[in-house]
Number of protein chains: 2
Amino acid sequence: MNTLPDTASPLYEKVKDYILTNIGTGRWSKDRKLPSENEFVAALGVSRMTIHRALRELTSAGFLIRLQGVGTFIAPPRPQSALIEINNIVAEILARGNKHRSEVLVLEKIMPAKELALSFEFARRSSVYHSVVVNFENDLPVQLEERFVNPSLIPDYDKQDFSKTATYDYLMQKTPVTEVEHIISAIPADAETARHLGIDAGSCCLLLNRRTWTGAIVATISKLTYVGSRYSLGSRYSPSKSG
Amino acid sequence: MNTLPDTASPLYEKVKDYILTNIGTGRWSKDRKLPSENEFVAALGVSRMTIHRALRELTSAGFLIRLQGVGTFIAPPRPQSALIEINNIVAEILARGNKHRSEVLVLEKIMPAKELALSFEFARRSSVYHSVVVNFENDLPVQLEERFVNPSLIPDYDKQDFSKTATYDYLMQKTPVTEVEHIISAIPADAETARHLGIDAGSCCLLLNRRTWTGAIVATISKLTYVGSRYSLGSRYSPSKSG
DNA sequence: AGACTACAAAAGCATATACATGTACGTATA
DNA sequence: TATACGTACATGTATATGCTTTTGTAGTCT
């Protein structure tokens with residue numbers, strides 16, 4: 001019985017729409033196994049190759065996961081692109097099999113200075129959360145993380161225990177990132193930074209300034225300082241595998 | 001006559017590699033019309049549907065442009081993604097309305113050291129091009145650019161005048177980039193680097209190590225050193241607009 | 001109990017065929 | 001001369017068919 005949309009588009013596009021709609025509206029629950037190709041054939045009255053094309057394109061677009069011999073499943077919310085994930089330092093440390101620990105130096109609500117308020121693109125003055133955390137890899141400090149967070153998007157930021165949950169994980173869970181800006185530079189460590197990171201003042205550090213948006217609203221502004229000799233940012237990117 | 005690569009991958013992938021290689025090596029000139037699907041069928045002994053899939057995927061990845069009833073053409077070099085474009089320093093300098101100038105320090109063909117040959121993933125020893133260029137913004141050195149280039153993809157690299165054409169522009173024009181790897185770190189300048197960049201030894205520099213691929217072949221390996229106090233890498237990215 | 005085997009299910013690959021749609025171009029006709 | 005038409009060719013879509021590869025499972029043998 002054919003329930004495909006009645007638009008002027010190729011059949012495989014209709015099938016894609018049909019599937020995406022069923023996922024989007026939640027009619028197919030998140031962890032459910034989708035019908036097999038042959039079941040789709042029976043249900044929609046369309047040839048298997050056409051079903052296959054629709055499923056393949058949805059898979060390469062990241063909406064589905066397919067396992068040969070097993071079935072087709074709805075993909076979990078996407079893991080961020082290479083450009084974004086460079087910030088989840090905790091995951092990186094754990095992935096290397098090392099021990100992670102963090103110390104929360106500051107967690108407060110403040111009125112932003114003029115320049116900071118400007119970066120948040122606030123229409124009128126408003127307070128923001130402010131946190132400073134040091135991240136350790138095997139008890140060696142590798143990153144000093146200073147964040148400013150928009151309370152209108154993440155209201156309970158200052159109630160969290162960031163020695164247990166990484167700020168990154170908490171933020172990713174709370175609000176979807178629709179846009180990211182990165183500015184990377186190399187700077188000598190100032191006295192305070194050097195003290196927190198246990199290095200000499202003037203040592204080379206990698207400074208990553210980051211702003212994230214949720215829709216049109218600036219969600220977070222972060223200043224991440226890495227010890228140059230202990231850290232580097234890597235990414236690998238394939239245009240052909242995502243376009 | 002079948003000239004497809006002899007790898008253990010599906011046929012349509014081999015066809016894609018075959019086409020990318022022919023584009024990459026310049027065997028098919030930039031503005032040329034590619035063979036029609038049926039001509040590919042005759043030339044490679046592969047069914048039209050398989051050819052079609054290869055061409056369709058290369059088109060959606062941005063390498064080709066197809067016009068129904070007309071033919072298939074090589075796409076103009078793409079406006080790179082945020083992650084890739086951070087390397088076109090010349091364009092950046094000009095975009096800021098500043099003057100650009102470059103000095104070519106080295107341009108030669110060498111036998112790579114063991115480690116470098118390894119990075120190129122060479123099956124057997126083969127020579128590579130080597131260039132070192134300093135880029136100036138308003139007569140102030142901002143970047144030291146050392147590149148190693150695979151001659152099998154870019155055969156005339158050492159015949160170019162890189163004080164006139166930027167190495168980046170030349171490479172982008174000569175071969176499509178299918179994959180990029182970046183490793184960014186902060187390091188103190190060594191004596192020689194410091195001399196070339198007109199800074200004190202030990203000053204903070206941003207080091208960008210970059211590898212690019214064309215198909216399965218490593219095309220270039222670059223080591224870009226930026227003066228920390230005079231430069232930072234920026235990017236802005238919207239996951240939702242490309243995934 | 002554990003290991004091996006056989007089979008079934010599901011996705012993946014490749015092909016042949018047919019028709020649809022769009023473009024280019026030459027030729028006939030008003 | 002300009003329009004209309006026919007033909008050739010190119011890409012796009014849809015289907016049917018047959019095979020391979022991977023994975024899970026149910027039996028079976030030791």
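Throughout, a chain's letter reflects where its sequence line sits, starting with A, and its residues are numbered from 1. Since the structure is predicted, the reported quantities are computational estimates derived from the model, not experimental observations.
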On DNA chain D, does the nearest nucleotide to B/Gly71 precede the nearest nucleotide to A/Gln68 from the 5' side, or the other way round? Give the residue.
B/Gly71
Are side-chain heavy atoms of A/Leu34 and A/Ile19 found at a separation under 4.5 Å?
yes
Between D/dT15 (C1') and A/Leu44 (CG): distance, integer Å:
15 Å
B/Glu37 with B/Arg66: basic N within carboxylate O range, under 4.0 Å
yes
So, are B/Glu39 and B/Lys33 salt-bridged, with charged N and O less than 4.0 Å apart?
no
With a cut-off of 6.0 Å (strictly less than), are more than 12 heavy atoms of other residues, nucleotides or ligands near CZ of B/Arg27?
no
A/Arg101 bridged to A/Glu137 by N-O distance under 4.0 Å:
no
A/Ser36 vs B/Gly69, nearer the 5' end of DNA chain C by closest nucleotide
A/Ser36
What string of B, S and - do you get for nucleotides 13-18 of chain C, 5' to 3', when a contact is any protein heavy atom under 4.0 Å?
BBBBBB
Here the distance between atom P of C/dA10 and atom CG of A/Leu64, to the nearest Å, is 16 Å
Length of the line joining A/Glu57:CD and D/dG12:P, which is rounded to integer Å:
12 Å
When the distance from CD1 of B/Ile51 to C1' of D/dA10 is rounded to whole Å, what number comes out?
14 Å
Calculate the interatomic distance between A/Leu58 atom CG and C/dA11 atom C1'; express it in whole Å.
15 Å
Looking across every strand, which nucleic acid part, if any, lies under 4.0 Å from A/Leu55 by heavy atom: base, sugar-phosphate, or nothing?
nothing
Measure from CG on A/Leu34 to C1' on C/dA11 and round the result to the nearest Å.
13 Å
With the threshold set at 4.0 Å, does a side-chain nitrogen-carboxylate oxygen contact exist between A/Glu121 and A/Arg211?
yes
Just the rounded figure in Å: distance from C1' of D/dT23 to CZ of A/Phe73.
11 Å
Quick check: B/Tyr170 with B/Phe162 (ring centres under 6.0 Å apart)?
yes
Protein-nucleotide distance (B/Asn38, atom CG; D/dA8, atom P), rounded to Å:
15 Å
